[in-house]
*Asks:* 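Just passing along the structure, written as structure tokens.
Just the heavy atoms: all of them, side chains too, but no hydrogens, waters or symmetry mates, feed the values below. A, B, ... follow the sequence lines: proteins, then strands. Residue 1 opens every chain.
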Amino acid sequence: MKKVPPAFYEQEDVVQIARDLLGNVLVTAWDGVRTSGRIVETEAYAGLHDKASHAYRGRTPRTAVLFDTTGAAYVYLCYGLHQMFNIATNKTGVPHAVLIRAVEPLEGIGVMLQRTGKKKLDASLTRGPGNVGKAFGVHRSQSGLSLQSSELFIADDGYHLDAAAIGTSVRIGVDYAGADALLPYRFYIKGNPYVSGKQKT
DNA sequence: GAGTAGATCCTCT
DNA sequence: GAGGATCTACTCA
């Protein structure tokens, strides 16, 4: 399994990156405890042009990671309890991001169960961004960490995803963004039980 | 099964 | 001081 190279995150089209991330594997290895899962749902946030993006209002201490780094994690706390895991993309000065909304667990399922306080594996373990953050043990203190790090990275294990298996929809939970809430920036693998929300077939 | 309220704390105004 | 890129549980049917 090889890490996705920095050049991948430097592409200009954040929507393309979000789509291409489907099928790749998210890996965390905090203190040698490895957990991984296949990415089955993502959302693109197009920085300054996108009202739904945190970066829309400009640079703040929290969003500095989006402006200053590429191919790094952007983690923040939502509603006081959910750690949301994002990937900062494009180049320095362009605060694009891809939110990882759902993954399918591969390795370290026992650890994930422990972290989330669940007894057995079911589709809710890593469905929804808040659960992904919890299951993978990400924390906002890890915001800004490079995805070339040995503790946190995206890997390509050769899994082939057919274009016809990719579904598209509007993003979730961004109704406040007006017209931008209608942009088709959410991508998911059709029929995968770990995809959150309702899916069209 | 569907709809709604509550949790809970950091961030920006 | 207000609100948020959400999830869960509980109510009602």
*Asks:* Output the rounded distance in Å from CG (A:L66) to C1' (B:dT11).
*Replies:* 14 Å
*Asks:* Mind calculating the distance between CZ (A:R186) and C1' (C:dT6) to the nearest angstrom?
*Replies:* 14 Å
*Asks:* NA contact type, A:N86, heavy-atom cut-off 4.0 Å: base, sugar-phosphate, or nothing?
*Replies:* base
*Asks:* Given A:K2 and A:D157, is the salt bridge (charged side-chain N to carboxylate O under 4.0 Å, His left out) satisfied, shown in steps?
*Replies:* CA-CA 7 Å; A:K2 59 176 186 285; A:D157 67 347; over 6 Å; no
*Asks:* Does A:T28 reach the main-chain N or O of A:F136 with its side chain, forming a donor-acceptor pair under 3.5 Å?
*Replies:* yes
*Asks:* So, using ring pair (Phe, Tyr, Trp, His ring centres under 6.0 Å) as the criterion, who are the partners of A:Y74 when residues are at least two apart?
*Replies:* A:Y76
*Asks:* Distances under 3.5 Å only, N/O to N/O: pair up the protein atoms with those of nucleotides 8-10 of chain B.
*Replies:*
| residue | atom | partner | partner atom | Å |
| --- | --- | --- | --- | --- |
| B:dT8 | O2 | A:Y79 | O | 2.7 |

*Asks:* Which heavy atom of A:K190 sits nearest a heavy atom of A:I166, and at what distance?
*Replies:* CE-O, 3.7 Å
*Asks:* Does the A:N24 side chain pair with the main chain of A:I154, one donor and one acceptor, at a distance under 3.5 Å?
*Replies:* no
*Asks:* Roughly how many Å is it from CD in A:Q83 to C1' in C:dC7, rounded to a whole number?
*Replies:* 14 Å
*Asks:* Determine yes or no for a side-chain-to-main-chain donor-acceptor pair under 3.5 angstrom, with A:H139 supplying the side chain and A:S141 the backbone.
*Replies:* yes
*Asks:* Less than 5.5 Å between centroids and less than 30° between ring planes, does A:Y176 satisfy that with C:dG4?
*Replies:* no
*Asks:* Rounded to whole angstrom units, what separation is found between the CZ atom of A:R171 and the C1' atom of C:dT6?
*Replies:* 16 Å
*Asks:* Is DNA chain C part of any stem, that is, at least 3 consecutive Watson-Crick or G-U pairs with both distances under 3.5 Å, and where?
*Replies:* B:1-7 with C:6-12, B:9-12 with C:1-4
*Asks:* Could you tell me how far apart A:M84 (CE) and C:dC7 (P) are, to the nearest whole angstrom?
*Replies:* 7 Å
*Asks:* Answer yes or no: is there a donor N or O on one side and an acceptor on the other, between the side chain of A:T42 and the main chain of A:A18, under 3.5 Å?
*Replies:* yes
*Asks:* Whole angstroms only, please: what is the CG-C1' distance between A:D50 and C:dA5?
*Replies:* 10 Å
*Asks:* With respect to the phosphate group of C:dT8, does any side-chain polar atom (N or O) of A:K118 fall under 4.0 Å of OP1 or OP2?
*Replies:* yes
*Asks:* Is the backbone N or O of A:T70 less than 3.5 Å from a side-chain atom of A:N90, with the two atoms forming a donor-acceptor pair by type?
*Replies:* no
*Asks:* Using whole Å, report how far CZ of A:F187 lies from P of C:dA5.
*Replies:* 20 Å
*Asks:* Would you check if A:Q148 and A:Y9 make a side-chain contact, meaning some heavy-atom pair closer than 4.5 Å?
*Replies:* yes
*Asks:* Look at A:H54 and C:dA5 and indicate whether a side-chain polar atom (N or O) is within less than 4.0 Å of OP1 or OP2.
*Replies:* yes
*Asks:* To the nearest Å, how far apart are A:R127 CZ and C:dT8 C1'?
*Replies:* 12 Å
*Asks:* Looking at A:R101, does any N or O in its side chain come under 4.0 Å of the phosphate oxygens OP1/OP2 on C:dT6?
*Replies:* yes
